[in-house]
Amino acid sequence: MERNEMDWTAARHSAAHVLAAAVLRLFPGVKLDIGPATATGFYYDFDHTFTAADLPAIEEEMKKIIAADLPIVRREVDREEARELFSRQPYKLERLADIPGGESIFVYSLGGFDDLCRGPHVASTGRIGAVKLLSIGGAYFRGSEANRQLQRIYGTAFPTEEELRRHLERLEEAKLRDHRRLGRELRLFTIDPAVGLGLVLWLPRGTVIRQELQKFIAAELDRQGYEQVVTPHIAQLELFRRSGHFPYYRDAQFEPIVDRENLDRSLTYGELAGELESGQRSGFLIKPMNCPGHIQIFSSSPRSYRDLPCRLAEFGTVYRWEQSGELGGMTRVRGFTQDDAHVFCTEEQLGGEIQGCLALVRKIFLTLGMGDYRVRIGLRDPASGKYIGDGAAWAKAEAALRREVAKLGIPSREEVGEAAFYGPKIDFVVNDVLGREWQLGTVQVDYNLPARFALSYTGPDNRPHTPVLIHRAPFGSLERFCGLLIEHFGGDFPLWLAPEQLRILPISDDLTEGAEAIAQSLREKSLRVKVDGHSEPLGAKIRRAEVERVPCVAVFGRREVETGTLSIRSRICKALEGSRTAEEFAILLSREIAQRTLPDGFPGR
RNA sequence: GCCGGGAUAGCUCAGCUGGUAGAGCAACGCAUUCGUAAUGCGUGGGUCGUGAGUUCAAUUCUCAUUCCCGGCUCCA
């Protein structure tokens with residue numbers, strides 16, 4: 001069956017209605033909210049507690065409704081009629097009240113089940129195809145935490161069973177790439193509750209990847225004229241009060257610390273917290289962001305326009321109090337290291353500097369073959385009180401971002417309410433294997449913090465001027481970026497990132513010593529090499545190396561000893577395969593590493 | 001934080017309706033010395049997440065709690 005995107009959406013939307021109809025058949029009296037189509041399926045929200053055990057029966061009922069090929073009929077009703085129709089459905093009545101007066105009200109009917117709905121739908125249930133219910137989750141009514149929580153049932157629908165089966169297979173394959181699973185299997189990182197929720201322990205193999213990424217960035221920083229700095233993990237609470245972090249985002253921060261000299265043990269913890277908050281008592285804050293430290297570095301010496309742009313970079317570790325239910329793997333954590341930098345520049349330099357930042361983000365994505373991202377321009381929500389500064393500064397910053405993104409010539413989308421509290425931003429957003437969106441690289445323009453900190457430089461007119469501040473982090477954070485990179489490569493990292501680049505497999509134990517000597521000679525050429533010294537047949541060693549995603553293995557047996565070679569096999573780079581001496585191989589491998597070649601068959605290679 | 005589900009060996013899991021635990025892989029030992037994805041035999045390893053309660057008896061039932069998972073909300 002041919003079906004365009006419109007029809008897909010309509011069919012899945014109809015599947016949501018069928019879901020609601022099936023639920024009502026099995027659970028009469030359940031209150032319904034709404035059920036739209038999503039990018040890959042559909043859901044419906046109910047005011048009833050379902051468990052996973054209910055899904056098969058509901059799915060069976062849905063299949064009966066689909067098999068019956070019931071017509072789906074639209075009719076227009078007036079408000080009174082609608083109120084009558086949904087008199088026992090309180091959520092429907094609220095949704096009805098959302099429809100502005102004068103707008104048409106439509107009801108879709110399907111085998112005696114009426115739903116308030118704008119449509120569109122397919123003509124009859126038989127046109128929905130193959131359906132599958134996937135999961136149950138909670139969802140707040142109208143998406144607001146202040147409202148009652150409903151139960152959401154997720155499902156998906158495809159024109160044919162075959163397409164559905166393929167989709168479910170893809171979901172299973174995606175789970176194999178989940179960075180939490182691969183992180184454990186490949187010994188990259190761990191999260192230990194004894195250390196703390198959302199606090200990542202980087203294992204030796206993961207640390208290699210992290211450090212290679214840092215080296216990559218550091219080289220680009222040198223090229224773009226950045227200077228690296230180091231700032232402390234805590235700072236005076238006053239500093240963050242001045243920046244605005246403390247009052248504006250204190251819910252997302254670890255509580256302030258009272259130092260020994262300021263501690264009054266006769267007060268309760270609550271009283272101390274109150275005095276810290278009001279400023280009566282001084283204390284320290286574990287830094288939620290690096291900007292104040294970099295700002296203090298900028299203002300630590302007088303600046304001339306000749307010194308600008310001043311580009312300060314730091315792999316800065318920050319800590320944020322994410323709610324417990326939001327934590328997961330490496331993509332959402334409480335302590336993370338940003339590849340952060342702050343560029344202090346003149347108004348005239350702003351456009352060029354933004355371009356420099358965007359170029360860096362794009363270079364990273366290109367190098368890693370990450371073509372599947374979208375660009376978001378995050379604007380402030382003027383109705384919200386969580387932003388600092390005046391409208392004029394915001395307007396200028398927003399205009400600058402729009403202008404520079406337009407020059408890139410790549411599609412972008414503006415989203416209100418996605419700005420940082422001090423300025424608008426350009427974000428690079430990617431999906432994980434499970435389809436969830438994550439913000440990685442970010443470039444933000446800020447007129448507010450320079451004013452709050454009274455930053456200045458001396459202009460050619462010998463008068464003080466306020467610089468513009470760009471905040472930027474091309475990876476976003478090393479934790480999140482690595483997490484997504486693990487999934488992106490499915491554990492098969494390019495050679496330059498691979499924790500172990502080569503494993504030498506001696507065919508018998510008496511060759512282990514010789515293999516170790518070769519390994520050592522290659523390590524001295526800065527290659528990451530290990531020897532598999534298990535007393536096992538070659539097949540077992542090959543298998544272990546493959547399972548552990550070691551990109552290159554070298555078989556080392558009598559033949560190799562006689563010819564002075566290694567027999568190379570690679571799962572990601574066929575060009576490296578064959579029999580050659582360790583020296584020849586080292587040259588080839590080093591070249592692939594230096595060029596940061598992507599794995600064979602990788603899109604973007 | 002909220003709704004729902006879960007937690008048994010390092011990993012993946014089994015363990016009807018209560019009678020203090022098993023498998024495969026991994027680890028370790030011995031034998032084997034092998035030619036491109038699993039050599040054989042053996043050994044060790046668990047206060048069944050934690051704490052209470054019910055019971056003669058709890059991995060199993062109840063409650064609390066911690067952590068994990070799926071959603072939601074949030075994400076400077």
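Below, each value reflects all heavy atoms present in this structure, side chains not excepted, and no hydrogens, waters or symmetry copies. Here is the naming used below: chain letters follow the sequence lines, and residue numbers restart at 1 for every chain.
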For each nucleotide in [range], reading 5' to 3', give B when a protein heavy atom comes within less than 4.0 Å of its base, S when such contact involves only the sugar-phosphate, and - otherwise.
range                        : value
nucleotides 39-49 of chain B : B----------
nucleotides 69-76 of chain B : SBBBBBBB
nucleotides 61-67 of chain B : ------S

(request) May I ask you to check whether A:R142 and A:Y140 show a side-chain donor-acceptor distance below 3.5 Å? (result)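 Judged by distance alone, the side chains do not pair up.
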(message) Checking contacts here: which listed nucleotide (B:rG1, B:rC34, B:rA38) is nearest the side-chain heavy atoms of A:L538?
(response) B:rC34
(request) State which of B:rG35, B:rC11, B:rU36 makes the closest approach to the side chain of A:I507. (result)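 Looking only at heavy atoms from C-beta outward on A:I507, the closest nucleotide is B:rG35.
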(message) Given A:E414, which partner from the list A:R380, A:R402, A:R376 fulfils the salt bridge (Lys or Arg N to Asp or Glu O under 4.0 Å) test?
(response) A:R402
(request) Please state whether the base of B:rU33 and the side chain of A:D509 form at least one donor-acceptor pair under 3.5 Å? (result)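 Yes, a donor-acceptor pair under 3.5 Å.
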(request) Check if the side chain of A:E560 and the base of B:rG35 share a donor-acceptor pair of N or O atoms closer than 3.5 Å. (result)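 It does, because a donor-acceptor pair links the side chain of A:E560 to the base of B:rG35 below 3.5 Å.
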(message) Under the rule for salt bridge (charged side-chain N to carboxylate O under 4.0 Å, His left out), what residues qualify as partners of A:E479, not counting sequence neighbours?
(response) A:R210
Euclidean distance for [atom1], [N] against [M] (whole angstrom):
N      : M      : atom1 : answer
B:rU59 : B:rU47 : P     : 13 Å
B:rU17 : B:rU62 : P     : 12 Å
B:rG70 : B:rC63 : P     : 25 Å
B:rA64 : B:rG5  : P     : 13 Å
B:rC41 : B:rC48 : C1'   : 30 Å
B:rA23 : B:rC30 : C1'   : 23 Å

(message) If the cut-off is 4.0 Å, is A:R503 near the phosphate of B:rA37, judged by side-chain N/O to OP1 or OP2?
(response)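 No, because none of the side-chain N or O atoms of A:R503 sits under 4.0 Å from OP1 or OP2 of B:rA37.
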(message) Rounded to whole Å, how long is the line connecting atom NE2 of A:H534 with atom P of B:rU32?
(response)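 After rounding, the reported distance stands at 18 Å.
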(message) Can you measure A:I542 atom CD1 to B:rU36 atom P for me and round it to whole angstrom units?
(response)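 Spelled out: CD1 on A:I542 to P on B:rU36 is 8 Å.
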(message) In dot-bracket form, 5' to 3', how is RNA chain B paired? Count Watson-Crick and G-U wobble pairs only if both distances fall under 3.5 Å, and write | where the partner sits on another strand.
(response) (((((((..((((.....[..)))).(((((.......))))).....(((((..]....))))))))))))....
(message) Counting the benzene-type ring for Trp, do A:F298 and A:F344 have ring centres under 6.0 Å apart?
(response) yes
(request) Give me the ring orientation class for A:F481 and A:F475: parallel if the planes are under 30° apart, tilted from 30 to 60°, perpendicular past 60°. (result) tilted
(message) Please list, in numerical order, the residues of residues 40-50 of chain A that have a heavy atom closer than 4.0 Å to any atom of RNA chain B.
(response)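 Those residues are A:T49.
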